[in-house]
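Atoms within a ligand are numbered from 1 in the order they appear, just like the ligands themselves. This one's a predicted model, so the numbers in the text were calculated from it and none came from an experiment.
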Amino acid sequence: MTTTLVDGIGLLYTGDPEREEIADAALVLADGLVAWAGPAAQAPDADARVDVRGRAVIPGFVDSHAHLIFAGDRTAEFQARMSGESYTGGGIRTTVAATRQAGDAELAARARALVNEMRAQGTTTVEIKSGYGLTVEDERRSLEIAAGLTGETTFLGAHVVPADMDADSYVRLVAGEMLEACAPYAKWVDVFCERGAFDGDQTREILSAGMKAGLGVRVHANQLGEGPGVRIACELGAASADHCTHLTAADVDALAASETVATLLPGAEFSTRSPYPDARRLIDAGVTVALATDCNPGSSYTSSMAFCVALAVREMRMTPLEAIRAATYGGARALRRTDVGWLRPGARANLVVLDAPSYVHLAYRPGVPLVHQVFQEGLLLEEDIQNPPSDVVL
Ligand SMILES: [Zn+2]
């Protein structure tokens, strides 16, 4: 076993609530895991040494909400929206048509390119949803492709009712034959619970069927208006309620009393020119908050967690510490993972070296590429960061 000392860390953000920040720090990596973290002066010996020369180190970002299996392009829709049209979610059907037309190889290549783009920006764990197929076979192949890229796969057959079906028949299909075909490739089940998508009863029916099939629960909840999504998520013990933009006091109380993480997706509000979620209200109520990109071709076509951190600080009044915590530790909680999202002994050695003295620069220098190096399970992805080894599954 070779051990590597990562030395000269100006400021280490560990993500570990017991000791979140360590100045003048070092890490020891062994066997793809963190073996030791602490002040450099106390670091044990190791076989190899990497000196990061005063740069900051953070855990790799955990992007717990992304829609990467799709084809087509929605530039025109974005352009129209930025010229004054409002976002309704109806554009999803445009992507569905393009995705059904595309072959497996094209869908896989596009998704892999996005995963590589994410990794180059410091994301070392990503969740990937289906939801642009909406037939049994197109959802199944979407999840099979996703499973080749990440262990965090989510069946989102209930993204929108396809144009050629009535809602009741589609809900029966999703909770029956489609779920059965998709469950072998999926870890999670998700429903877009929203006016115009799926109502409370339909959401409960699909999520309950998914739970019976052994899947964990996550919910697209309360994005475009108030509704039952967050309360259903909390009732069913969902790992995460995502969006949480329009919440009642009862919704906030339910989240605070539950283990359900509130995952905020400010890229969606940015890209649809909509009001942001009230992160302060959630954090002050004691809710665990995560940040994710919601990367998708319609409402948030960004793969940058750093951009979401900057938005969270500037637009949602999160402190820089709260934002980096939500993008790492919070994302891991939203996926019920304890092996990623923090750098403490036993965790995966997924870390990002920033060209900056502090994680605060992620918000202080928005839009600036600050990722200097990425380690994925102890492996330095520095030589060709856009094309890392293809066998690394996040
Ligand atoms: Zn989404």
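- In this structure, Glu235 does not pair ionically with Arg231, as no charged nitrogen and carboxylate oxygen lie closer than 4.0 Å.
- Screening His65, Glu194, His159, Lys129 for a side-chain hydrogen bond (donor to acceptor under 3.5 Å, both in side chains) involving His220 leaves a single residue, His65.
- Among the atoms of His243, none of the N, O or S atoms falls under 2.8 Å from the Zn ion (ligand 1).
- Between Phe307 and Phe270, the distance from one ring center to the other falls under 6.0 angstrom.
- Vertex the Zn ion (ligand 1), arms ending at NE2 of His65 and OD1 of Asp294: the angle is 80° after rounding to 10 degrees.
- Exactly one residue among Arg337, Arg218, Arg336 makes a salt bridge (charged side-chain N to carboxylate O under 4.0 Å, His left out) with Glu152. That residue is Arg337.
- None of the N, O or S atoms belonging to Asp242 lies under 2.8 Å away from the Zn ion (ligand 1).
- Geometry at the Zn ion (ligand 1): NE2/His67 and NE2/His220 form an angle of 110°, nearest 10 degrees.
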